[in-house]
Undergrad: 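Dumping the structure here so I can ask a few things about it.
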Protein chains: 2
Amino acid sequence: MMNRSEPKGTFSRPERTETDASVAAGLNNEALDSILLFTLRRTQAVIMQDFVSRFDALDLRPIQLGALLLIRSNPGSRQSDIAAALGIQRPNFVTMMDELDRRGLTQRTTSNNDRRSYSLGLTPQGEALVNKALQLLAEHEAFVSSGLDPNERRQLFDNLNRIESGLASGGR
Amino acid sequence: MMNRSEPKGTFSRPERTETDASVAAGLNNEALDSILLFTLRRTQAVIMQDFVSRFDALDLRPIQLGALLLIRSNPGSRQSDIAAALGIQRPNFVTMMDELDRRGLTQRTTSNNDRRSYSLGLTPQGEALVNKALQLLAEHEAFVSSGLDPNERRQLFDNLNRIESGLASGGR
DNA sequence: TATTGTTATACTCTATAACTATA
DNA sequence: TATAGTTATAGAGTATAACAATA
C-alpha cells in the first residue's frame, strides 16, 4: 500500500472496494480499480442491470426511453437533432424511429418549412407510456442512489459533468 | 425550474450542464441530464475517446490493457478468473488471449495441478509494453481528472464504488 | 452544392449452446 | 457429474458510404 500523504505525481486511490468477480477468484485488481474508465464501466453495468429489469415491463431500452423523453421535451424536432442529442448516428436512429412508430408511440409529420425533414412528436399512447416510465424512472433513480445522500448525489453529477465538459469536443 | 429547497420525493438535479449535441440543436435535455445512467454514459464516452487516442500508439484497447494489468498483478491465474474479473464471457476472452499471445505479449502455460487450465503470464515483451502503458495511463488519468482536485477525485471513486457495491449481485 | 432521411453494410461487443479434455 | 478452454453463432450497438428528395 502507498503512503497516506499524497506523494507528488501520484493519484489518490479510491477506497478499497473489490470487484465481485475478482473477490470470487481472489484476484488483486487494485490496478483496475484506480482507473476511472473501468470504475465507470462497472458502475454503469450494475445501474444498467437495474434499469433493464425495471423497464422490461414497458419493453423500453434506455436509448428508447431517452428518445421518447427528448421528443416529449422538444416536440417538432428533426430526427437528426434527436439522434445527435442521444449521441447516436442518424442512420441508426432511423431504425429506432421505425420501431417506435410501429408501436404507435411516436409520429413523423412532414415539416411544412422543410419538406426533407420530419417533425417528431409523441402520440397519446406515447405520452401515456412516458408517464408510466417516469414513475419507474423515479424508482430506479431512488434505488441506484440509495447509498448516497442528496448532497453526495449532487456531487456525483457535478463531478461527472465537470469531467465531461472539461474534455468534450476539445480533444487534448 | 424547480424549487431550491429539496421538495419531497424529488431528486437533486445535477448542475445545469448541457450536452454538446443538445446545445448545438438548442434542445432541452434536462430530463436526460438528471438520469444517472445517461450522465455516466456521456462521461464514459469522452473518457473513452481520450483513452483510445492515447493508447492507439500501443495498439491497446481498454479491455486489453485491463487483461494485461490483471495478468501482471495475478500471474498464474486461469483464463476464467481473468475473464470474470474483466466482466467478460469466457468464450470472448479466448479470442482476446489468442491475439495477445500472437503478439507475443502473454503466454499460456499448461498447469501442472490441473491440466484443463492454463497458467497465464506476461512475456518480457508484455512486461515492457505494460511499463510503457503505465506511463500513458498516468497521463490519461491526470488529464481526465484535471477538473477535479484530489479530494473530489476520491469522492467520485467513493460514490461510484458505493453505488456499485450497493447494487452488485444482490439484485433488488 | 449541402442537408435530411434512408439503405446497405461492416465491425465490435456481448451472450449462449455445445463440444473436448480433463477432473 | 462438473469444470476449463474452445468453437460456432447470433444479437446488440456503432460507424461509414452512397443514394433520392429537397433546399
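Note that the coordinates shown come from a computational prediction; the quantities given were computed from them, not determined experimentally. Just so we're on the same page: letters track the sequence lines, and every chain starts at 1.
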Undergrad: Starting from P on dT14(D), measure out to CD on Gln44(B) and report it in whole angstrom.
TA: 11 Å
Undergrad: How would you summarise protein contacts on nucleotides 4-11 of chain C per nucleotide, using B for base, S for sugar-phosphate only and - for none, with heavy-atom distances below 4.0 Å?
TA: SSBBB---
Undergrad: Has Arg61(A) got a side-chain N or O lying under 4.0 Å from the OP1 or OP2 atom of dA12(D)?
TA: no
Undergrad: Just how large is the angle between the end axes of the helix from dT1(C)-dA23(D) to dA23(C)-dT1(D), five pairs per end, to 10 degrees?
TA: 0°
Undergrad: So, is Gln89(A) close to the dA15(D) phosphate, meaning a side-chain N or O under 4.0 Å from OP1 or OP2?
TA: yes
Undergrad: Rounded to whole Å, please give me the gap between CD in Gln49(A) and C1' in dA15(C).
TA: 13 Å
Undergrad: What is the separation between atom CG on Asn112(A) and atom P on dT22(D), rounded to the nearest whole Å?
TA: 14 Å
Undergrad: Mind checking what makes side-chain contact (heavy atoms from CB on, under 4.5 Å) contact with Glu152(B), not counting sequence neighbours?
TA: Asn159(A), Arg162(A), Leu148(B), Asp149(B), Gln155(B)
Undergrad: Side-chain donor-acceptor contacts of residues 96-104 of chain A below 3.5 Å, not counting sequence neighbours, with atom names and distances?
TA:
unit_1    : atom_1 : unit_2    : atom_2 : d
Asp98(A)  : OD1    : Arg108(A) : NH2    : 2.3
Asp101(A) : OD1    : Thr106(A) : OG1    : 2.8
Asp101(A) : OD2    : Arg108(A) : NE     : 3.3
Arg103(A) : NH1    : Asp59(A)  : O      : 3.0
Arg103(A) : NH2    : Leu58(A)  : O      : 3.2
Arg103(A) : NH2    : Asp59(A)  : O      : 3.2

Undergrad: So which one's nearest nucleotide on DNA chain D is more toward 5', Ile88(A) or Arg115(A)?
TA: Ile88(A)
Undergrad: Check whether any side-chain N or O of Thr39(A) sits under 3.5 Å from a backbone N or O of Asp33(A) as a donor-acceptor pair, and report yes or no.
TA: yes
Undergrad: Suppose we screen for side-chain contact (heavy atoms from CB on, under 4.5 Å). Which residues come up paired with Ser117(A), at least two apart in sequence or across chains?
TA: Arg78(A), Ser111(A), Asp114(A)
Undergrad: Mind jotting down which residue pairs meet the ring-ring contact (aromatic ring centres under 6.0 Å, His included) criterion with at least one end in residues 116-141 of chain B? Sequence neighbours excluded, please.
TA: Phe51(B)-His140(B)
Undergrad: Determine all donor-acceptor pairs shorter than 3.5 Å in which one atom belongs to a side chain in residues 65-77 of chain B; sequence neighbours excluded.
TA:
unit_1   : atom_1 : unit_2   : atom_2 : d
Ser73(B) : OG     : Leu69(B) : O      : 3.1
Asn74(B) : OD1    : Asn28(A) : N      : 2.7
Asn74(B) : ND2    : Asn28(A) : O      : 2.8
Asn74(B) : ND2    : Leu70(B) : O      : 2.9
Ser77(B) : OG     : Asn74(B) : O      : 2.7

Undergrad: The criterion is salt bridge (Lys or Arg N to Asp or Glu O under 4.0 Å); which residues satisfy it with Glu127(B), sequence neighbours excluded?
TA: none
Undergrad: Measure from CZ on Phe93(A) to P on dG13(D) and round the result to the nearest Å.
TA: 14 Å
Undergrad: Thr123(A): which residues meet the side-chain contact (heavy atoms from CB on, under 4.5 Å) condition with it, sequence neighbours left out?
TA: Gln107(A), Gln125(A)
